[in-house]
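To start, the structure itself, in structure tokens.
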Amino acid sequence: STLVAVCAAAVVMFERALALLPEDDRGRSELLTELGSAAMRAGEWDRARTLLDDAITSAKRDGDRRSELRALIELQWQRSYTEPEGAADDDRRVAEAAIPELEQLGDHLGLAKAWWLLSESHLIAGRWAARTDALERAIVDARQLQNEGQLRVLEALYAQALYYGPTPVPDAVRKCIELL
């Protein structure tokens, strides 16, 4: 599929960028996280886990809590797909632990991903109203970024949560129009 090809190309580009960094570069953990995330989207699940574990180790070594939290969130996504038993509880636990720290750090990207992860725990449990609320929070943070793709995905998931959840139709339509 085209998406897998794009993700595979992203993996190659992140690999090239990583090869340019010295082992002790402070930006290494962030790049490892992005590479791990791209590998996951390309279907390289085991490799993604290794890369994200390396990102966490690197971030801890550098004292970079923001990068560590982002890598922990991505690692939980990986685990949710490869070890789905108990994923709802684990997704919630990881997201709820990360959100307050990410708020203190003012990390909108990390917050958008953490709120999205939290919404997945609600999806698994069939709590559509809670999913809607978490996605709404993710959208608020995603709007602070220069990443239209992530924002559009979150908006589509939000519309889906409104559709399946308990929101009255007129309210759901109004909220969707506001998104547009």
Exercise. To the nearest 0.5 Å, what is the distance between CG (Asp54) and OG (Ser29)?
Worked result: 11.0 Å

For this session: Measure up the Trp116 and Trp77 rings against each other and bin them: parallel (under 30°), tilted (30 to 60°), perpendicular (over 60°).
Result: perpendicular

Exercise. Which is it for Leu157 and Leu123 under the side chain to side chain contact (heavy atoms under 4.5 Å, CB included) test, yes or no, and what are the steps along the way?
Worked result: CA-CA 10 Å; Leu157 293 172; Leu123 171 65; over 6 Å; no

For this session: For the residue pair Lys113 and Glu74, establish whether any side-chain heavy-atom pair is separated by less than 4.5 Å.
Result: yes

Exercise. With the 4.5 Å side-chain cut-off for hydrophobic clustering, are Met13 and Val6 part of the same group?
Worked result: no

Exercise. What pair of heavy atoms forms the shortest contact from Ala55 to Leu32, and how long is it?
Worked result: CB-CB, 3.6 Å

For this session: Please tell me if the side chains of Pro22 and Asp25 come closer than 4.5 Å, counting only heavy atoms from C-beta onward.
Result: yes

Exercise. Does Ile139 share a hydrophobic cluster with Ile177, counting links as ILVMFWY side-chain heavy atoms below 4.5 Å and allowing steps through other members?
Worked result: no

For this session: Start with the C-alpha gap between Arg131 and His122, add the side-chain angles, then the distance that decides, and say whether side-chain hydrogen bond (donor to acceptor under 3.5 Å, both in side chains) holds.
Result: CA-CA 5 Å; Arg131 178 169 169 84; His122 298 310; over 6 Å; no

For this session: Enter the distance from Thr50:OG1 to Gln78:CD here, rounded to the nearest 0.5 Å.
Result: 8.5 Å

Exercise. Which atom names give the shortest non-hydrogen contact between Ala71 and Thr33, and what distance separates them?
Worked result: CB-OG1, 3.4 Å

Exercise. Out of curiosity, Glu155 CD to Glu148 CD, how far, rounded to the nearest 0.5 Å?
Worked result: 8.0 Å

For this session: Give a yes or no on this: more than 12 heavy atoms of other residues, nucleotides or ligands lie within 6.0 Å of atom CD of Glu178.
Result: yes

Exercise. Should Leu18 and Phe14 count as side-chain neighbours, where that means a heavy-atom distance under 4.5 Å?
Worked result: no

For this session: For residues Leu135 and Ala161, report the shortest heavy-atom separation together with the two atoms involved.
Result: CD1-CB, 4.2 Å

Exercise. Nearest heavy-atom pair of Ala38 and Ala10: which atoms, and what distance?
Worked result: CB-CB, 4.2 Å

Problem set entry | Val153 reachable from Leu179 in the ILVMFWY side-chain graph, under 4.5 Å edges | yes

Exercise. Within the distance-only criterion (no hydrogens, no angle test), does the side chain of Arg26 pair as donor or acceptor with the backbone N or O of Asp62 below 3.5 angstrom?
Worked result: yes

Exercise. Looking at side-chain heavy atoms only, is the closest gap between Thr57 and Arg61 below 4.5 Å?
Worked result: no

Problem set entry | Reported CG-to-CE distance for the pair Leu35 and Met40, which is rounded to 0.5 angstrom | 10.5 Å

Can I get a per-line list of side-chain donor-acceptor pairs under 3.5 Å for residues 94-106, giving both atom names and the distance, sequence neighbours left out?
from   : atom 1 : to     : atom 2 : distance (Å)
Glu96  : OE1    : Arg92  : NH1    : 3.4
Glu101 : OE1    : Arg65  : NE     : 2.7
Glu101 : OE2    : Arg65  : NH2    : 2.7
Glu103 : OE2    : Arg137 : NH2    : 3.4

Exercise. Are any non-hydrogen side-chain atoms of Leu21 and Leu31 less than 4.5 angstrom apart?
Worked result: yes

For this session: Taking all non-hydrogen atoms of both residues into account, name the closest pair between Ala112 and Gln150 and its distance.
Result: CB-NE2, 4.0 Å

Exercise. Could you go step by step and tell me if Arg47 and Leu51 meet the side chain to side chain contact (heavy atoms under 4.5 Å, CB included) rule?
Worked result: CA-CA 6 Å; Arg47 181 164 184 234; Leu51 290 163; 3.8 Å; yes

Exercise. Salt-bridged, Asp90 to Arg93, with N to O below 4.0 Å?
Worked result: yes

Exercise. Say you draw a straight line from NZ of Lys175 to OG1 of Thr132; how long is it, rounded to the nearest 0.5 Å?
Worked result: 7.5 Å

For this session: Determine, using the 4.5 Å side-chain heavy-atom cutoff (strictly less than), whether Trp45 and Leu75 are members of one ILVMFWY cluster.
Result: yes

For this session: Would you please say whether a donor-acceptor pair under 3.5 Å links the side chains of Arg41 and Ser37?
Result: yes

Seminar exercise, completed: What one should report as the nearest heavy-atom pair of Ala42 and Ala8 is CB-N, 4.0 Å

Problem set entry | Arg49 side chain near Asp46 side chain, heavy-atom distance below 4.5 Å | no

Exercise. So Asp91 and Leu118, side chain to side chain contact (heavy atoms under 4.5 Å, CB included) or not? Walk me through it.
Worked result: CA-CA 6 Å; Asp91 290 354; Leu118 181 60; over 6 Å; no

Exercise. Does Leu117 share a hydrophobic cluster with Tyr158, counting links as ILVMFWY side-chain heavy atoms below 4.5 Å and allowing steps through other members?
Worked result: yes

Exercise. Once you round to the nearest 0.5 Å, how far does OG of Ser58 lie from CG of Asp53?
Worked result: 12.5 Å

For this session: Using the side chain to side chain contact (heavy atoms under 4.5 Å, CB included) rule, take Leu162 and Cys176 through it: C-alpha gap first, then chi angles, then the decisive distance, then the call.
Result: CA-CA 9 Å; Leu162 289 170; Cys176 288; 3.9 Å; yes

